[in-house]
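Quick notes on the structure that follows.
Excluded from the calculations below are hydrogen atoms, water molecules and symmetry mates; all remaining heavy atoms, backbone and side chain alike, are included. Counting begins at 1 with the first residue of the sequence.
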Amino acid sequence: MSKDTVWKRNEVESPCIQICVVHPEERICTGCLRTIDEITGWSKMTPEQRSAIMEELPNRAPKLQKRRGGRNARLKR
């Protein structure tokens, strides 16, 4: 192996996009769509566990699309 060769591990990369904000109701990160437990345990997960989470992430996105009511909801209180 030459000194210019970059060593890479063969593993599922993290979906983190460095926008770490946990949605108050859904309890998932608005950036990567993982739960806190998934984020903290990512480095200890098997490739199969990571792949299963990665497959599930697109199904979570619509949960964050819901509007919470905005100004009209506050005025009705």
Side-chain angles (χ1 to χ4, degrees):
M1 183 190 272
S2 75
K3 66 179 182 174
D4 296 327
T5 303
V6 176
W7 179 74
K8 292 186 177 185
R9 298 190 313 191
N10 186 18
E11 62 184 41
V12 177
E13 294 293 325
S14 168
C16 180
I17 59 170
Q18 298 180 344
I19 300 176
C20 305
V21 177
V22 176
H23 189 276
E25 294 170 7
E26 296 299 331
R27 307 299 299 153
I28 58 177
C29 176
T30 61
C32 69
L33 304 175
R34 293 179 293 170
T35 66
I36 296 298
D37 290 339
E38 291 167 346
I39 293 168
T40 57
W42 191 260
S43 63
K44 295 180 178 120
M45 290 181 186
T46 65
E48 294 77 21
Q49 290 170 316
R50 291 180 182 184
S51 292
I53 291 169
M54 293 295 283
E55 288 179 26
E56 175 62 26
L57 296 181
N59 297 328
R60 297 177 185 181
K63 293 180 178 182
L64 302 182
Q65 305 289 326
K66 295 185 242 175
R67 293 192 56 145
R68 295 191 299 186
R71 182 175 184 270
N72 286 335
R74 287 191 303 275
L75 294 175
K76 289 180 183 178
R77 290 182 187 169

Identify the two heavy atoms, one from Thr40 and one from Asp37, that lie closest to each other, and give their separation to 0.1 Å. OG1-O, 3.2 Å
Would Leu57 and Ile28 show up in the same hydrophobic cluster when neighbours are defined by side-chain heavy atoms closer than 4.5 Å? yes
Looking only at heavy atoms, which two atoms of Arg50 and Ser43 are closest? And how far apart? NH2-CA, 3.5 Å
Taken to the nearest 0.5 Å, the spacing of Lys63 NZ from Arg27 CZ works out to 13.0 Å
Would you compute the distance between atom CD1 of Ile39 and atom CG of Leu33 and round it to the nearest 0.5 angstrom? 9.5 Å
Indicate yes or no: at least one non-hydrogen side-chain atom of Glu38 is less than 4.5 angstrom from one of Cys29. no
Rounded to the nearest 0.5 Å, what's the gap from SG on Cys32 to CE on Met54? Could you check? 9.5 Å
Minimum side-chain heavy-atom gap Thr35-Ile53 below 4.5 Å: no
What is the distance from atom OG1 of Thr30 to atom CD of Glu26, rounded to the nearest 0.5 Å? 12.0 Å
Working to the nearest 0.5 Å, report the span between CD of Gln18 and SG of Cys20. 7.0 Å
Answer yes or no: is there a side-chain heavy-atom contact under 4.5 Å between Val12 and Met45? no
